[in-house]
Visitor: 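The structure follows.
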Amino acid sequence: MNVFRTGILMAAMTAIFLGVGYMIGGTSGMGIAFVVAAAMNFFAYWNSDKMVLSMHHAREVDERSAPEFVAMVRNLAASAGLPMPKVYIIDNPQPNAFATGRNPENAAVAATTGLLERLSRDEIEGVMAHELAHVEHRDTLTMTLTATLAGAISMLANFAFFFGGRDRNNPLGLVGTLLVMILAPIAAMLVQMAISRTREYAADKRGAEICGRPMSLANALRKLHKGAEAIPNPDAENAPATAHLFIVNPLRAGGVDELFSTHPRMDERIRRLEAMAMGAPAARPHHSQRPSRRATGTSGIPEADDKRQKGPWG
């Protein structure tokens with residue numbers, strides 16, 4: 001049912017794109033938009049992950065540059081029965097993370113330096129398990145394609161303002177052009193919301209199963225939510241169509257903007273994880289390498305106030 005629903009939503013996103021083309025140039029405009037949409041979907045299938053990582057200035061890390069973080073992801077991927085994804089770190093103080101890639105064999109997970117500095121090891125595992133759940137559910141392709149199409153719709157709507165009103169093929173003239181310019185990006189955003197919200201709950205549940213500690217993910221979400229509210233993310237603000245890829249909304253908003261959030265309500269996500277923890281079996285033992293005392297202090301677990309520069313997390 002989720003796959004069918006997502007297919008319908010992706011078709012709706014494409015229909016919006018075609019509708020904008022029709023409003024700009026009538027039947028010929030819709031034909032051009034169809035060709036562009038098909039080309040963009042093909043391009044995004046192969047390249048959207050690279051585009052998103054580039055937008056957020058993510059750098060790939062390995063066992064030499066971030067040994068413990070990479071080892072953590074490797075162990076979680078093994079627990080989930082997934083191939084090892086590429087691992088990236090984003091130099092950004094806002095605590096956040098996302099996954100991307102067209103399939104589990106070509107996936108990537110990324111975490112910000114803010115996340116690695118502010119969360120404990122168990123909480124980081126919970127977050128990365130959530131991202132691997134998106135990979136397992138094959139959400140990453142759908143969500144990156146959606147981000148690409150949503151950005152294109154907004155761009156095309158802006159073109160409508162400059163060219164649509166003057167085009168004699170435009171069926172509604174200037175009024176229709178203004179309506180397209182305002183309503184098309186909103187419609188695209190609503191489709192993004194529908195896709196993202198239905199998948200975050202499932203990723204939370206599966207992520208908690210992968211790491212074995214629902215409360216670790218719940219505690220991480222609390223910290224990430226507060227951090228995202230307090231710390232701006234300029235790259236995300238410049239590319240708002242990618243906001244739904246992140247585990248928590250990276251955009252600073254409040255009031256009525258919350259109605260248009262691409263993420264479910266945080267209190268509901270936490271409530272579901274807490275309910276899951278009440279009936280959850282004992283957490284699986286750590287089988288990943290513990291952080292060294294040199295890097296994390298006497299406890300062996302990185303605390304939220306650790307100030308690491310380029311330690312084991314990269």
Side-chain angles (χ1 to χ4, degrees), residues 2-3 6 9-10 13 40-62 66 69-70 72-74 76-77 80 82-92 94-116 124 126-152 188 191-193 195-200 202-204 206-207 210 224 228 233-251 262-263 314:
N2 269 344
V3 173
T6 301
L9 291 170
M10 288 297 294
M13 186 74 84
M40 289 193 66
N41 275 297
F42 179 81
F43 178 82
Y45 178 82
W46 295 102
N47 298 286
S48 57
D49 55 338
K50 302 179 185 68
M51 292 171 59
V52 170
L53 291 165
S54 176
M55 286 177 188
H56 294 278
H57 303 97
R59 56 183 172 88
E60 187 173 0
V61 295
D62 54 24
F69 183 43
V70 172
M72 174 189 289
V73 174
R74 187 181 301 280
L76 289 169
L82 291 170
M84 176 63 180
K86 293 182 179 179
V87 182
Y88 289 80
I89 290 179
I90 303 169
D91 292 314
N92 191 310
Q94 184 189 86
N96 225 321
F98 66 83
T100 186
R102 62 184 181 272
N103 54 41
E105 291 73 30
N106 295 277
V109 293
T112 65
T113 50
L115 181 146
L116 299 176
I124 295 171
V127 170
M128 302 319 296
H130 169 101
E131 299 307 331
L132 289 172
H134 279 307
V135 173
E136 182 180 41
H137 294 162
R138 297 178 180 265
D139 296 338
T140 51
L141 174 62
T142 299
M143 295 167 78
T144 48
L145 284 172
T146 303
T148 303
L149 278 174
V191 175
Q192 277 186 287
M193 288 165 50
I195 292 174
S196 182
R197 290 187 176 191
T198 58
R199 296 193 174 270
E200 288 303 317
D204 284 343
R206 179 56 181 150
I210 292 171
L224 295 180
N233 187 331
D235 290 334
E237 297 289 348
N238 291 332
T242 66
H244 68 298
L245 299 176
F246 287 83
I247 185 170
V248 299
N249 191 349
L251 306 179
T262 55
H263 293 68

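Start at 1 with the first residue, then count along the sequence. FYI, side chains are in, hydrogens and waters are out, and symmetry mates aren't considered; it's all heavy atoms of this structure.
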Visitor: For the CD1 atom of I90 and the NE2 atom of H56, what is their distance to the nearest 0.5 Å?
Guide: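 That separation rounds to 6.5 Å.
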Visitor: List the steps, then state whether side-chain hydrogen bond (donor to acceptor under 3.5 Å, both in side chains) holds for D235 with N238.
Guide: CA-CA 5 Å; D235 290 334; N238 291 332; 4.9 Å; no
Visitor: Minimum heavy-atom separation for L251 to A236, with atom names?
Guide: CD2-O, 3.4 Å
Visitor: So how far is it from T100 OG1 to E131 CD, rounded to the nearest 0.5 Å?
Guide: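 Between T100 OG1 and E131 CD, I get 10.5 Å after rounding to 0.5 Å.
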Visitor: Is there a side-chain contact between P104 and E136 in this structure, where contact means two heavy atoms from C-beta onward sitting under 4.5 Å apart?
Guide: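 Contact flag for P104/E136 side chains = no.
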Visitor: Does the pair Q94 and T112 meet the rule for a side-chain contact (heavy atoms from CB on, under 4.5 Å), with working shown?
Guide: CA-CA 7 Å; Q94 184 189 86; T112 65; 5.6 Å; no
Visitor: Got a second to check how far E200's CD is from H130's NE2, nearest 0.5 Å?
Guide: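 These two atoms lie 4.0 Å from each other.
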Visitor: On a heavy-atom basis, which atom in L132 and which in L76 lie closest, and how many Å separate them?
Guide: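 For L132 and L76, the tightest heavy-atom pair comes out as CD1-CB, 3.5 Å.
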Visitor: Measuring from R59:CZ to D91:CG, what's the distance to the nearest 0.5 Å?
Guide: 4.5 Å
Visitor: Please report the closest heavy-atom contact between I210 and A129, naming both atoms and the distance.
Guide: CD1-O, 3.8 Å
Visitor: Please determine whether side-chain contact (heavy atoms from CB on, under 4.5 Å) holds for the pair V109 and M128, giving the CA-CA distance in whole Å, both sets of side-chain angles, and the decisive distance to 0.1 Å.
Guide: CA-CA 8 Å; V109 293; M128 302 319 296; 3.8 Å; yes
Visitor: Kindly determine whether L245 and V52 satisfy side-chain contact (heavy atoms from CB on, under 4.5 Å), including the steps that lead there.
Guide: CA-CA 9 Å; L245 299 176; V52 170; 3.5 Å; yes
Visitor: Do L53 and E60 touch side chain to side chain, with heavy atoms closer than 4.5 Å?
Guide: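 Not in contact.
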Visitor: Between N96 and L115, what is the shortest heavy-atom contact and its length?
Guide: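 Scanning both residues, the minimum pair turns out to be O-CD1, 3.5 Å.
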Visitor: Specify the closest pair of heavy atoms between H263 and F246, including all atoms of both residues, with the distance to one decimal.
Guide: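 Looking at all heavy atoms of both residues, the closest pair is NE2-O, 2.5 Å.
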Visitor: side-chain contact (heavy atoms from CB on, under 4.5 Å) between F98 and H134: does it pass, once the steps are laid out?
Guide: CA-CA 9 Å; F98 66 83; H134 279 307; over 6 Å; no
Visitor: Any chance you could measure R199, atom CZ, to D139, atom CG, to the nearest 0.5 Å?
Guide: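 It is 4.0 Å, given to the nearest 0.5 Å.
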Visitor: Nearest 0.5 Å, please: how far is OG1 in T113 from CD1 in I89?
Guide: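 Here the rounded value is 8.0 Å.
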Visitor: Kindly give the heavy-atom pair with the smallest separation between A77 and P83, and that separation in Å.
Guide: CB-O, 4.0 Å
